Number of protein chains: 2
Amino acid sequence: MLRIAKLTDYATVLMVRMAREPGCCFSAAQLADELGVPQPTVAKLLKHLLRAQLLASARGVGGGYSLALAPHAISVADVVGAIEGPLALTECARGKGNCSLERGCATRTNWQLINRALRVALQAVSLADMARPQLQPIHVQALQEKMP
Amino acid sequence: MLRIAKLTDYATVLMVRMAREPGCCFSAAQLADELGVPQPTVAKLLKHLLRAQLLASARGVGGGYSLALAPHAISVADVVGAIEGPLALTECARGKGNCSLERGCATRTNWQLINRALRVALQAVSLADMARPQLQPIHVQALQEKMP
DNA sequence: CCAAATAGGACTGCATTGGTTCTGTATAGT
DNA sequence: ACTATACAGAACCAATGCAGTCCTATTTGG
Ligand code: FES
Ligand code: FES
């Protein structure tokens, strides 16, 4: 229903938590405990975020995860992308041949533009922003200027 | 994966098609044929759009559907909302008690703002806009001005 | 009355998601 | 060297929601 997966929500909460103390090393167990979410689930998410190179890891006793970049250098779009794959509102927004309506479809390119706007909006919000109690309303200066 | 349902995509294509000849009456069979999508599926979508009062219908021989409002008065957000229900990126974005992380969650209010930005963006695009070959890029003037 | 067309459900197969479990590997401390 | 801790990666399963179909009214023009 045009919403992010619950796991993605968890992931952002995890990342924001870590963004509050960057450089610090968090174990999966510790994070799961703080968050109140089962440990295996948290572990899986952290692995995904690691593969996307948003986290760095240390194995062994006393190991754990830490942010790979500064909090302001990681965007919400990065986190969403790491868990859900590339952002594509419509089937046809990701490459050709995915949508059965392609031939003669009038909405494809316009959807792609909407898609791009969403991506930009998510890229504009960093973990550092999310860690603040409340960020300013995002202002969408929308297309009152349209094609002729 | 943060994408609209395929049926929603169909619905927008249908609406845009009708927006190109407003006032005209389209039967489900005719639209299904034009679109290359099975007739029952199209019929179901049209019923949903009708209930959301985006369409008007005429029964009986020679009946069909037509836009309930002018093309510029119907937004993409309306269509998405009609098919998928109210727009809510996160569980917690729609009312209390939906998200298990609620207590002490630092990202809730910020997600709600992102949510609102998306809604505004979709509301800003009308069927008339979508019917044009290509609308101007949506410009998101994002929150470089954040909370202190 | 009949045919065309919508109105409204109920129903089903399938894909995705949320969540678990298992095996393997690296590391710190004893 | 041994062991406990903690990550790495994959396979696995149950449940939810989606895409699509079907069936039975009801309305209306001819
Ligand atoms: S190509 Fe997918 S809806 Fe137009
Ligand atoms: S309340 Fe749902 S993620 Fe914070």
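Given the structure is predicted, the values throughout are model-derived calculations rather than measurements. Both backbone and side-chain heavy atoms feed into the values below; hydrogens, waters and symmetry mates do not. Per chain, numbering begins at 1; letters A, B, ... match sequence-line order.
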Touch class at under 4.0 angstrom, heavy-atom based, for Pro38(B) against every strand present: sugar-phosphate
Nucleotide N/O of nucleotides 10-17 of chain C paired with protein N/O under 3.5 Å:
from, atom 1, to, atom 2, distance (Å)
dT17(C), OP1, Met1(B), N, 3.4

Interatomic distance where CG belongs to Leu46(B) and C1' belongs to dG9(C) [whole Å]: 17 Å
Shortest side-chain distance from Tyr10(A), nucleotide among dT25(C), dA5(C), dG19(C): dG19(C)
Under 3.5 Å side-chain donor-acceptor pair for Thr8(B) and Glu84(B): yes
Short side-chain to backbone donor-acceptor contact, Asn110(B) and Met130(A), under 3.5 Å: yes
Passing candidate, side chain to side chain contact (heavy atoms under 4.5 Å, CB included) with Leu127(A), options Leu69(A), Asp78(A), Leu54(A), Val16(A): Val16(A)
Sugar-phosphate only, base, or nothing, as touched by Ala28(A) at under 4.0 Å among non-hydrogen atoms: sugar-phosphate
Phosphate OP1/OP2 of dA7(C): any Tyr65(B) side-chain N/O under 4.0 Å: yes
Partner residues of Arg17(A) under the salt bridge (Lys or Arg N to Asp or Glu O under 4.0 Å) criterion, sequence neighbours left out: Glu21(A), Glu34(A)
Ala58(A) or Gln39(A), whichever maps to the more 5' nucleotide of DNA chain C: Gln39(A)
4.5 Å side-chain heavy-atom contact, Leu89(B) and Trp111(B): yes
Spacing between Arg51(B) atom CZ and dG9(C) atom C1', to the nearest angstrom: 9 Å
Pair of N/O donor and acceptor under 3.5 Å linking dT26(D) base with Arg59(B) side chain: yes
Polar side-chain atom of Asp9(B) near backbone of Thr90(A) as donor-acceptor pair, under 3.5 Å: no
Upstream residue (5' side of DNA chain D) when Gly62(B) and Lys47(A) are each assigned their closest nucleotide: Lys47(A)
Spacing of Asp9(B) atom CG relative to dC18(D) atom P, expressed in whole Å: 15 Å
Length of the CD-P vector between Gln30(A) and dC7(D), whole Å: 10 Å
Phosphate OP1/OP2 of dA4(C): any Ser27(B) side-chain N/O under 4.0 Å: no
Rounded distance (Å) that lies between atom P of dG9(D) and atom CG of Leu45(A): 15 Å
Close side-chain approach of Leu46(B) to Leu31(B), heavy-atom, < 4.5 Å: yes
Under-4.0 Å side-chain N/O to phosphate OP1/OP2 contact, Ser57(A) with dA6(D): no
Separation of atom CG in Leu55(A) from atom P in dA8(D), rounded to whole Å: 9 Å
Sugar-phosphate, base or nothing in reach of Leu50(B), heavy atoms under 4.0 Å: sugar-phosphate
